[in-house]
**Q** 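Have a look at the structure that comes next, please.
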Amino acid sequence: MHALTSSQLRELASSPEAARLSVSARERLGWIVTFMEHGQSVSETCENIGISRSTFHRWLERFDPKDLSTLEEKSHEPLTPRVPNVSADAVTLIRAYRQTSPHMGKEKIRALLATEHGITISSSTVGRVIERERLYFAATPLHWKKRTSSAQYAVTPAENENGEVAPVMAVHTMPVRITQKKHPAWKRALITSSILINIAIITLFLATASWELKDMNASVTKEKPAQTITVSNLDRP
């Protein structure tokens, strides 16, 4: 626990270093200032702020008055990003397999690469290539969503003033939220066809039932015996 006076806390909260913090970090600094300045318990502070005790304790332990950047979220990206070690030829072949058979899995592609082209890579590597290159070509809602939800792009190499090619930097875009509720054309056509087929089936069923009912009534009328009236000799005058 850091022993800071109220004036020190106010000075800390209004310092230029605090102004350079992100919105989330400044909010966490506000939690700690409120807790220290008002002398409330952790439970009371968390209840007033609306956070859990574990969250507050985690940031209170990280907090360093001499380094307010300790209130920032730590990056989870690896210090040494993974460099793809798949050759361009292998990526081209994986793309061709997926275009020919969009539902072909990574295990099958791995086996075909080994037997047909002598390329040995793991199935997990094939899966990463499929994900990275967005190799989803099937006419299904799942593949359509994966094709349009996120993508990775590479910057085209550019030449500097000396005519040297600058190193290529990978630019990763954030996943795009699909907000368009309108279905694609193929899906609308499929839905319309299904509705028309169901209407036709119902109409045919009702017509068949009507015909069967008419035939049943006609059969009953034919089989009904004709009533005959006989006159007894005793009834004659």
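Computed from a predicted model, the values in this text were never measured in an experiment.
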**Q** How far apart are the C-alpha atoms of Trp59 and Glu27, what are their side-chain angles, what is the distance that settles it, and do they pass the side-chain contact (heavy atoms from CB on, under 4.5 Å) test?
**A** CA-CA 11 Å; Trp59 290 109; Glu27 184 180 11; over 6 Å; no
**Q** Say you draw a straight line from CD1 of Ile201 to CG of Leu196; how long is it, rounded to the nearest 0.5 Å?
**A**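 Answer for the CD1-CG pair, Ile201 versus Leu196, is 11.0 Å.
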**Q** What is the minimum heavy-atom distance between Arg132 and Val91, and which atoms define it?
**A**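 Residues Arg132 and Val91, closest heavy atoms: NH2-CG2, 4.1 Å.
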**Q** Report yes or no: do Ser69 and Asp67 form a side-chain donor-acceptor pair below 3.5 Å?
**A**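 Looking only at side-chain atoms, Asp67 and Ser69 do form a donor-acceptor pair, the distance falling under 3.5 Å.
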**Q** Are any non-hydrogen side-chain atoms of Leu60 and Phe35 less than 4.5 angstrom apart?
**A**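 Side chain of Leu60 against side chain of Phe35, heavy atoms only: contact under 4.5 Å found.
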**Q** Quiz question: by atom type and distance under 3.5 Å, do the side chains of Thr125 and Arg128 form a donor-acceptor pair?
**A**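 There is such a pair between these side chains.
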**Q** Under 3.5 Å, is there a donor-acceptor pair between the side chain of Arg110 and the main chain of Ser122?
**A** no
**Q** Would you say that Glu47 contacts Ser43 through its side chain, given a criterion of any heavy-atom pair below 4.5 Å between the two side chains?
**A** no
**Q** Can you give me the closest heavy-atom contact between Ala13 and Leu29, atom names plus distance?
**A** CA-CD2, 4.0 Å
**Q** To the nearest 0.5 angstrom, please state how far the CD1 atom of Ile197 sits from the CD1 atom of Ile202.
**A**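 Ile197 atom CD1 to Ile202 atom CD1 measures 12.0 Å (nearest 0.5 Å).
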**Q** Go through it in stages, so that I can follow the logic: the residues are Lys106 and Glu131, the test is salt bridge (Lys or Arg N to Asp or Glu O under 4.0 Å), and I'd like the CA-CA distance, side-chain angles, deciding distance and then a yes or no.
**A** CA-CA 11 Å; Lys106 55 186 180 181; Glu131 179 68 23; over 6 Å; no
**Q** Taking Glu61 for the side chain and Arg58 for the main chain, is one N or O donor matched with an acceptor at less than 3.5 Å?
**A** no
**Q** Is the closest side-chain donor-acceptor distance between Ser52 and Ser54 under 3.5 Å?
**A** yes
**Q** Taking the side chain as every heavy atom from C-beta outward, state whether Glu72 and Arg62 have any atom pair closer than 4.5 Å.
**A**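 A side-chain contact is absent here, since even the closest heavy-atom pair is not under 4.5 Å.
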**Q** Mind running side-chain contact (heavy atoms from CB on, under 4.5 Å) on His117 and Asp89 for me, showing each step along the way?
**A** CA-CA 10 Å; His117 304 280; Asp89 291 339; over 6 Å; no
**Q** Answer yes or no: is there a donor N or O on one side and an acceptor on the other, between the side chain of Ser210 and the main chain of Leu206, under 3.5 Å?
**A**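 No, because the side chain of Ser210 does not come within donor-acceptor range (under 3.5 Å) of the backbone of Leu206.
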**Q** For the CD1 atom of Ile199 and the OG atom of Ser194, what is their distance to the nearest 0.5 Å?
**A** 11.0 Å
**Q** For residues Lys146 and Trp144, determine if any side-chain heavy atom of one lies less than 4.5 Å from a side-chain heavy atom of the other.
**A**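 No - every pair of side-chain heavy atoms lies 4.5 Å or more apart.
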**Q** Once rounded to the nearest 0.5 Å, what's the spacing between atom OG of Ser41 and atom CD of Glu44?
**A**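 Rounded to the nearest 0.5 Å, the OG-CD separation comes out at 3.5 Å.
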**Q** Does some side-chain heavy atom of Trp31 sit less than 4.5 Å from a side-chain heavy atom of Thr45?
**A**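 No, every pair of side-chain atoms sits at 4.5 Å or beyond.
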**Q** Rounded to the nearest 0.5 Å, what's the gap from CD on Glu133 to OG1 on Thr92? Could you check?
**A** 9.0 Å
**Q** State which residue, out of Ile130, Val129, Leu93, Val126, fulfils the side-chain contact (heavy atoms from CB on, under 4.5 Å) condition with Arg98.
**A** Ile130
**Q** Listed by chain and number, what are the ring pair (Phe, Tyr, Trp, His ring centres under 6.0 Å) partners of His57, not counting sequence neighbours?
**A** none
**Q** Any side-chain to backbone donor/acceptor pair from Ser101 onto Met104? Under 3.5 Å, distance only.
**A**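 The answer is no, because no donor-acceptor pair under 3.5 Å joins these two groups.
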**Q** Quick one, Tyr97 and Leu113 - any side-chain contact, counting heavy atoms below 4.5 Å?
**A** yes
**Q** On the 0 to 90° scale, with breaks at 30° and 60°, tag the His143-His103 ring pair as parallel, tilted or perpendicular.
**A** tilted
**Q** Can a donor-acceptor pair be found, under 3.5 Å and without considering hydrogens, that links the side chain of Thr34 to the backbone of Gly30?
**A** yes
**Q** If every non-hydrogen atom of Phe137 is compared with every non-hydrogen atom of Gln99, which pair is closest and at what distance?
**A**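 That closest heavy-atom pairing would be CE1-CG, 3.5 Å.
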**Q** Would you name the heavy atoms of Pro102 and Ala138 that are closest together and state the gap between them?
**A** CB-N, 3.5 Å
**Q** Let me confirm one number: the CD1-CG distance from Ile119 to Leu112, rounded to the nearest 0.5 Å.
**A** 11.5 Å
**Q** For the backbone of Leu68 and the side chain of Glu17, can you confirm whether one donor and one acceptor N or O come within less than 3.5 Å of each other?
**A**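 Confirmed, Glu17 side chain pairs with Leu68 backbone.
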**Q** Between Ile94 and Ile121, is any pair of side-chain heavy atoms under 4.5 Å apart?
**A**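 Yes, close enough: below the 4.5 Å cut-off.
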